[in-house]
Amino acid sequence: MNQRIAVIGSGYVGSVAAACLAHVGHDVVGVESDALKLERLQSGVAPFHEPGLDALLESTLASGHLTFTADFGAAMAASEIVFVCVGTPPGADGLPDMTAMAEVARSIAENLRHHHVIVTKSTVPIGTGRWLTAQIQEYLGPESDLRLAFSVVSNPEFLREGRAVEDYLHPDRVVLGSDDARALELVAEVYEPILEQRIPGEFGTRARVPLLQSDLATGEMTKYASNAFLATKVSFANEIARLCDFVGADISAVTEGMGLDSRIGRRFLEAGLGWGGSCLGKDLSALVSTAVEFGYHPRLLEAAMSVNDGQRQFVVDELLRQLRALRGARVCILGLAFKAGTDDIRDSPGLDVAERLVGRGAFVTAYDPMVRSLSQASGVRICEDAYEAARGVDAIVVATEWPEFSALDLLALRAQMQGDLLFDARNIFDPASVRSAGYRYLAIGRPAVGVERLAPVVLMPAPARSGAESEVTGSYATFDEDGRREDGGI
Ligand SMILES: NC(=O)c1ccc[n+]([C@@H]2O[C@H](COP(=O)([O-])OP(=O)(O)OC[C@H]3O[C@@H](n4cnc5c(N)ncnc54)[C@H](O)[C@@H]3O)[C@@H](O)[C@H]2O)c1
């Protein structure tokens, strides 16, 4: 049965959710407060790069199943179910900034006229379902007879940017959490066409999608636990890659050998520059903050974060070792999007490395097929193509795994450079072809070619005291521009 749905916040998640829910037959009104984004959405154009989304927006707007508005009240009046998809960016204390969620709670209270089910799709700290209920009731006031005219359901989103439409229509699972069984049933009905894979058009069908129904806290925790696991898996591959450097093993072959074990799996087991984007880092910090609030020290989660940050610094440190000085060095960064397939630069590893290099006095150029501008403050000069970005540089760093980078003419690229160092921080090149094109080649956890790799300084773990757990006290040393240890060690 088709439902009347409002989607609040039409960014990466909200616009995809709105278009996909309209595509499977629901009547959806998307609410967006940003006037520029709204104008583009109303004309059927996504305000960011997301494959397949423009076509879906165009067809669902034309069919009348989807509209976009800035009018919150009108959207509430035209719906029984409200999906909340506003941003929850990182806050100062590790927990997400809930300003937009609080604003939505106020608008819901102001516009509540009949019963609504409020579905939180934004990734929100565990306990937010109850917080949202309390916020709305607070705004309604103690005397309001609408205090029980809504229920809250957690419906975490697992889509990946760059594959968002495909992921939304063919999810691995749908997770719903609520303390209200009737609200759970209603939202499960919304998903029925997706669960049963009755997807119109060319999207094809798959096996029935598993539906997991739980209480609110379990639904909210499932999202955080999933992202924390993915982040930890990436960091695991990166830590093993660093050990590969010591022992002369090749991480690509190691992770292939691991990933073929069906208990492990290959996905998210790629060594490189680590994760970025709007989700993994933010969600991991939020989970750590939640644990700390309860007095629990989540060592594994903190280690995953520290290894991820270490990958970015590792690239900077390796460049310093190879170039001997960063001040005045010219470096080209290939790839600014946090991953291939998107133009999203939130917590982008490539941009972070570029800014760390600029901070150390390097001149940085960059090229990304989808990121065409950056704020002036970054100090990074954006170029039209990879060859222009490589002109006169001492080193190139591949920071995003765009397929078109693997197809670059390595000889022509090398001819543009002043130096000869190629740092393949996404392990996309075949070392032998890079070498035959005249480069010195560095990668992550793969044998370097033509490069003397200086052993990083590693402090050994303190010996375990009897009855106590061993504690790792050391880390890689970082170096200043002149090659001195920044912590004053040897
Ligand atoms: N981007 C992803 O890949 C992804 C995946 C899973 C979950 N999430 C989570 O989903 C949430 C949204 O993420 P996003 O990437 O779509 O963020 P986004 O910043 O792209 O989109 C949020 C949108 O909400 C709009 N907005 C804010 N307040 C509003 C209001 N009161 N009324 C109407 N519109 C309002 C903003 O203008 C913006 O367009 C976050 O909590 C995020 O953690 C994101």
Side-chain angles (χ1 to χ4, degrees), residues 6-20 29-42 46-51 53 68-76 79 82-91 95-111 118-126 128 132 135-136 139 154-168 171-172 174-175 219-220 222-224 226-228 230-231 275-287 337-339 341-348:
V7 175
I8 314 298
S10 303
Y12 285 91
V13 168
S15 61
V16 170
C20 290
V29 49
V31 183
E32 177 51 52
S33 56
D34 180 316
L36 279 176
K37 277 189 194 173
L38 178 63
E39 201 181 313
R40 293 194 65 172
L41 289 162
Q42 284 171 329
F48 45 82
H49 173 73
E50 187 57 56
L53 183 56
F68 286 101
T69 181
D71 188 339
F72 204 109
M76 288 277 289
S79 63
V82 176
F83 280 76
V84 182
C85 303
V86 296
T88 49
L95 287 168
D97 178 342
M98 297 290 277
T99 310
M101 286 296 293
E103 179 70 15
V104 168
R106 193 172 56 80
S107 300
I108 288 174
E110 282 170 2
N111 293 288
I118 318 290
V119 185
T120 51
K121 218 164 214 333
S122 301
T123 306
V124 285
I126 298 143
T128 295
L132 191 59
Q135 286 276 312
I136 295 171
Y139 286 122
S154 159
N155 169 216
E157 182 49 61
F158 299 99
L159 63 77
R160 293 161 292 174
E161 288 176 22
R163 301 186 56 117
V165 171
E166 166 86 7
D167 283 353
Y168 201 93
D172 291 334
V174 169
V175 173
E220 291 167 346
T222 306
K223 169 68 184 176
Y224 279 108
S226 301
N227 272 4
L230 293 174
W275 77 75
S278 66
C279 292
L280 293 188
K282 176 187 70 135
D283 295 352
L284 213 44
S285 302
L287 199 50
F338 83 89
K339 65 173 182 181
T342 180
D343 55 2
D344 195 346
I345 54 167
R346 289 178 287 183
D347 192 25
S348 152

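If you read the sequence from its start, that first residue is 1, and numbering goes on from there. Order of appearance sets the numbers: ligands from 1, and atoms from 1 within every ligand.
Checking only distances, Y12 does come within under 3.5 Å of ligand 1, N or O to N or O. For ligand 1, the polar-atom distance check finds an N/O of V13 within less than 3.5 Å of one of the ligand's N/O atoms. Between D283 and ligand 1, no pair of N/O atoms sits closer than 3.5 Å. Distances between N or O atoms of R160 and those of ligand 1 include no value under 3.5 Å.
Regarding atom 30 (C) of ligand 1, its nearest protein heavy-atom neighbour is S33 OG, 4.0 Å. Protein heavy atom nearest atom 24 (O) of ligand 1, with residue, atom name and distance: G9 CA, 3.2 Å. Here the heavy atom of the protein found nearest to atom 7 (C) of ligand 1 is T123 OG1, 3.5 Å. The nearest heavy-atom contact from the protein to atom 32 (N) of ligand 1 is I8 CG2, 3.8 Å. Nearest protein heavy-atom neighbour of atom 11 (C) of ligand 1: V86 O, 3.4 Å. Nearest protein heavy-atom contact of atom 37 (O) of ligand 1 is E32 OE2, 2.5 Å. Distance from atom 21 (O) of ligand 1 to its nearest protein heavy atom, with residue and atom name: G11 CA, 3.2 Å. Among protein heavy atoms, atom 6 (C) of ligand 1 sits closest to E157 O, 3.3 Å.
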Carefully, step by step, assess E161 and R346 under the rule salt bridge (Lys or Arg N to Asp or Glu O under 4.0 Å).
CA-CA 12 Å; E161 288 176 22; R346 289 178 287 183; 3.4 Å; yes

Could you go step by step and tell me if N155 and V175 meet the side-chain contact (heavy atoms from CB on, under 4.5 Å) rule?
CA-CA 6 Å; N155 169 216; V175 173; 5.5 Å; no

Side chain to side chain donor-acceptor pair (under 3.5 Å) between D71 and T69, worked out:
CA-CA 5 Å; D71 188 339; T69 181; 5.2 Å; no

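Across the listed options K223, E161, R106, E161 owns the non-hydrogen atom lying nearest to atom 1 (N) of ligand 1. Which of M98, R346, M101 comes nearest to atom 15 (O) of ligand 1 through a heavy atom is settled by distance: it is R346.
Close approach of ligand 1 to K37 (heavy-atom distance below 4.0 Å) involves ligand atoms 38 (C), 39 (O). Listed by number with element, the atoms of ligand 1 under 4.0 Å from a non-hydrogen atom of G87 are 22 (C). Annotation for ligand 1: atoms under 4.0 Å from non-hydrogen atoms of T88 are 40 (C), 41 (O), 43 (O). The C85 neighbourhood of ligand 1 comprises atoms 12 (C), 22 (C), with distances under 4.0 Å to a heavy atom of that residue. Heavy-atom contacts of S278 reach the following atoms of ligand 1: 1 (N) (cutoff under 4.0 Å).
Only side-chain heavy atoms of K282 come within less than 4.0 Å of ligand 1; its backbone N, CA, C and O stay farther off.
Remark: the backbone N or O of V84 is not paired with any side-chain donor or acceptor of K121 at under 3.5 angstrom. No donor-acceptor distance shorter than 3.5 angstrom exists from the side chain of T342 to the backbone of F338, with no hydrogens or angles considered. Here the side chain of D343 pairs a donor or acceptor atom with the backbone of H49 at under 3.5 angstrom.
The residues R160 and E50 are annotated as not salt-bridged, no charged nitrogen and carboxylate oxygen being separated by less than 4.0 angstrom.
The ring-ring contact (aromatic ring centres under 6.0 Å, His included) search around Y139 returns none, not counting sequence neighbours. Every residue was checked against the ring-ring contact (aromatic ring centres under 6.0 Å, His included) condition with F68, not counting sequence neighbours, and none meets it.
The neighbour count for E110 CD, taken as heavy atoms of other residues, nucleotides or ligands under 6.0 Å away, is above 12.
L38 is listed as a side-chain neighbour of Q42, based on a closest heavy-atom distance under 4.5 Å.
A donor-acceptor contact closer than 3.5 angstrom is absent between the side chains of K339 and S348.
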